[in-house]
Protein chains: 2
Amino acid sequence: MTSHVNMDFAGVCVEDAKRQECSAQDRISKMQQTPASFIAPQGGIDRNDPRPLHKQVYEALLASIRDGKLPLRGKLPSERELVDLYNVSRITVRHAVRELVQQGVIHSQPGKGLYVAERGGGFELQVLKSFTSIAIANGRSPGHRLIGASIVHAPLEVSRPLFLAPGAEVVLLSRLRLLDNIPVVVQIDWIPAARVPGLLDLDWAVANRSLYAELRERYRIHPKRGQTTLSARLATDEEAAMLELPPPAAVLTVDQIAFDDRNRPVNLTALVHHPARYPLTLLQSESGDFTQY
Amino acid sequence: MTSHVNMDFAGVCVEDAKRQECSAQDRISKMQQTPASFIAPQGGIDRNDPRPLHKQVYEALLASIRDGKLPLRGKLPSERELVDLYNVSRITVRHAVRELVQQGVIHSQPGKGLYVAERGGGFELQVLKSFTSIAIANGRSPGHRLIGASIVHAPLEVSRPLFLAPGAEVVLLSRLRLLDNIPVVVQIDWIPAARVPGLLDLDWAVANRSLYAELRERYRIHPKRGQTTLSARLATDEEAAMLELPPPAAVLTVDQIAFDDRNRPVNLTALVHHPARYPLTLLQSESGDFTQY
DNA sequence: TGACATGACTGGTCATAACCAGTCCTATTG
DNA sequence: CAATAGGACTGGTTATGACCAGTCATGTCA
């Protein structure tokens, strides 16, 4: 049970509308199944991996969907089939499935099955995902142009949400985000200077340097939850110029506070989006009332 | 086990930092606990209620938090205490807790406990919640002013996301949303006419009529998931006038497609937000990478 | 007095095992 | 031939029980 799980057994039971006769004997032989192959190419689940099993299942399923191994409006194997596929308990499978459902990647129909959710046309962007990873997932190349990096005294609008004394020192990082070298977002970050000594010693002009990667790897700061406020306003002249918008122009603003696993504020981010080049999409699912407006 | 659960037993064990001696005997007597009283005022969980237990626990906890029975940055009873409080299994408690964590209402610290998340100042609004319920939760009175209600042939931008033939008949419902009689959002809905016969026979000038309530109660249509696109643009002259914005003005736009439990499109909603009067806030938690930008 | 081990907690993870209410195909019955 | 009753599935819910890795107060040993 503690050893590697073998996933290379030649699979029977190809997914199809009618596969009764083989699902029947599946239920009997419980030790030699693992049809795998179409949804779990080379295993996927590793019990030596320190990550939780449900996370591994989640990522294996997500990868199968993203790689197109499952057709867009296609049907996933049933939860009980996934149990056999990955050799985990149904609780673990359901944990992974729930995550995917809540993120809108799949949707479930009781009595029928799990289906891949068709995603709307155009960009597929989500709040709270890495700018870099979103870009790559969409086949675009991310980058940034440094506007400014310095240590300043926090104004009240910055110090208060960060639980700092007014005027406390904060690192100010100001960047113009690019997608395929096209400006799409103006991003300004404030980070309490006391938590990130030496952050400005790094060369922030390097186009692929990631703030969150540095926080994670250099300072062991792991953002865990956040609060985001969305609004709109007219772009300033500088913003309009940087985003190549003819004034008067409207921009989508996203202000975000992140907290770490000990509930301390990590940073404050202000984003100014080019409305056409970088709209935001959210996928939602039934958790909650969904009475919506 | 199938009867009502009694919650009116005089509770010992007031929440405190040191309550060792009584939690010890709690663990022994498993039939007569239910200290309750501070978190489950008059029961809360009813096994005759058709709703799932985890949903009831979720709502009981949410109510306790919203009513201020728990201090804002306060500590919740531990999961195992909640098990005894509500007489449900830990899986059920965890299901409810997970929901609250994912919605950002509470946050958890392994090894320590569950804490009520402090919410940012100002409005506390969320995407995907009912306009009416949000208003009430914030102590404001919701309303709307009818702009137009008619059946039209769907233009391509409307027919395509709704999976309809171009020019198919759709109900168009156009309203100006009010908060304390102040205009805050322009809302336009398109609903496939074939699914909602007689919808326009209702008097939509009535200020508290809810589209989603009608869909639910008259047509048994239950929206389950949705896709939302956020952006910004300059307000049209009509929009600026209705929202009392001096042109040129920027507005926050929210376009939303809802699907029912059989994955059929229910409606298309276009919202035009007054940026200052109705910004949106989102609470987020660790599910996913949270690499964010 | 200070460093350290202990133990009682915390939430996080995972397994096994049921039962329910739907859906949908099939085979029996009228 | 059509209506119906089964049965085999689906996801949804809930219980019990167990172990882990963290946190933190306490008490012991140097």
Side-chain angles (χ1 to χ4, degrees), chain A residues 1-2 13 16-27 30 45 47 49-58 75-84 86-101 106-115 224 261-263 285-287, chain B residues 1-2 15-24 26-27 30 45 47 49-58 75-83 86-101 106-115 224 261-263 285-287:
Chain A
M1 270 298 175
T2 53
C13 237
D16 202 348
K18 38 180 60 187
R19 56 177 193 290
Q20 268 105 321
E21 71 291 346
C22 90
S23 70
Q25 78 176 34
D26 256 10
R27 224 142 278 286
K30 240 197 164 183
I45 268 59
R47 295 192 105 93
D49 194 316
R51 293 176 310 163
L53 291 181
H54 67 82
K55 189 115 189 164
Q56 295 185 49
V57 172
Y58 165 86
K75 192 169 176 297
L76 270 73
S78 78
E79 294 182 352
R80 287 163 179 87
E81 283 173 338
L82 292 174
V83 164
D84 290 348
Y86 293 122
N87 275 319
V88 294
S89 78
R90 196 165 159 225
I91 274 197
T92 305
V93 168
R94 278 191 62 78
H95 197 147
V97 165
R98 200 185 317 114
E99 209 75 32
L100 289 166
V101 168
I106 64 179
H107 60 101
S108 69
Q109 284 180 243
K112 296 196 68 180
L114 303 166
Y115 297 86
K224 193 185 167 192
D261 47 6
R262 278 185 180 74
N263 206 30
S285 46
E286 76 269 53
S287 84
Chain B
M1 272 299 174
T2 54
E15 81 289 7
D16 202 348
K18 40 180 56 187
R19 58 180 190 290
Q20 267 107 318
E21 71 292 345
C22 92
S23 69
D26 256 11
R27 222 143 279 285
K30 239 197 166 183
I45 268 59
R47 298 193 104 93
D49 195 314
R51 293 176 308 162
L53 291 180
H54 67 82
K55 188 115 188 164
Q56 295 185 49
V57 173
Y58 165 86
K75 190 168 177 297
L76 271 72
S78 79
E79 295 182 351
R80 287 162 178 89
E81 282 172 339
L82 292 173
V83 164
Y86 292 123
N87 274 318
V88 295
S89 77
R90 194 164 161 227
I91 274 199
T92 305
V93 167
R94 279 192 60 79
H95 197 148
V97 165
R98 201 185 314 114
E99 209 75 31
L100 289 166
V101 168
I106 64 179
H107 60 102
S108 68
Q109 285 181 244
K112 296 196 68 180
L114 304 166
Y115 297 85
K224 192 184 169 195
D261 46 6
R262 279 185 180 73
N263 207 30
S285 45
E286 75 269 53
S287 80

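Note on naming: letters A, B, ... go to the chains in the order of the sequence lines (proteins, then strands), and numbering restarts at 1 for each one.
- Regarding contacts with the backbone of D/dT14, every side-chain N or O of B/His95 stays at 4.0 angstrom or more from both OP1 and OP2.
- The distance between atom CZ of A/Arg98 and atom C1' of D/dG12, rounded to the nearest whole Å, is 11 Å.
- For A/Glu79 (side chain) and A/Arg90 (main-chain N/O), no donor-acceptor pair under 3.5 Å exists by modelled atom type.
- Spacing between atom CZ of B/Arg51 and atom C1' of C/dC20 amounts to 18 Å, rounded to whole angstrom units.
- The side chain of A/Ser78 places an N or O atom within less than 4.0 Å of a non-bridging phosphate oxygen (OP1 or OP2) of D/dT10.
- An OP1 or OP2 oxygen of D/dA15 is reached within less than 4.0 angstrom by no side-chain nitrogen or oxygen of B/Arg90.
- The phosphate of C/dA15 has OP1 or OP2 within less than 4.0 Å of a side-chain N or O from A/Arg47.
- If you take OH of A/Tyr86 and C1' of C/dT13, they are 19 Å apart, rounded to a whole angstrom.
- A straight line from CD of B/Glu79 to C1' of D/dA18 spans 15 Å, rounded to a whole angstrom.
- Position along DNA chain D of the nearest nucleotide to A/Val97 versus A/Ile91 favours A/Val97 as the more 5'-ward residue.
- Using a 4.5 Å cut-off on side-chain heavy atoms (C-beta onward), A/Arg94 and A/Val83 make no contact.
- Straight-line distance from the CG atom of B/Leu76 to the P atom of C/dC9: 19 Å, rounded to whole Å.
- Within the 4.5 Å cutoff, side-chain heavy atoms of A/Ile106 are placed close to those of A/Leu76.
- Within the 4.0 Å cut-off from OP1 or OP2 of C/dT13, not a single side-chain nitrogen or oxygen of A/Thr92 is found.
- Between B/Arg47 and B/Leu53 the shortest heavy-atom distance is NH2-CD1, 3.3 Å.
- Of the candidate nucleotides C/dG11, D/dA15, D/dG12, C/dG11 has the atom lying nearest to any side-chain atom of B/Arg80.
- In this entry the distance linking CG of A/Leu82 with P of C/dA15 reads 14 Å, nearest Å.
- Heavy-atom nearest nucleotides on DNA chain C were determined for A/Val88 and for A/Gly111, and the one closer to the 5' end corresponds to A/Val88.
- For the pair A/Ile106 CD1 and D/dT10 C1', the interatomic distance rounds to 14 Å; values are reported in whole Å.
- Between B/Pro110 and A/Ser89, the residue anchored nearer the 5' end of DNA chain C, judged by the nucleotide with its closest heavy atom, is B/Pro110.
- Phosphate contact (OP1/OP2 of C/dG22, side-chain N/O of A/Lys112, threshold under 4.0 Å): absent.
- Taking every heavy atom of both residues into account, B/Ala96 and B/Val57 meet most closely at CB-CG1, 3.7 Å.
- A donor and an acceptor atom never sit less than 3.5 Å apart when one is taken from the side chain of A/Arg94 and the other from the base of D/dG11.
- Look at CD on A/Glu81: it is 13 Å from C1' on D/dG11, rounded to the nearest Å.
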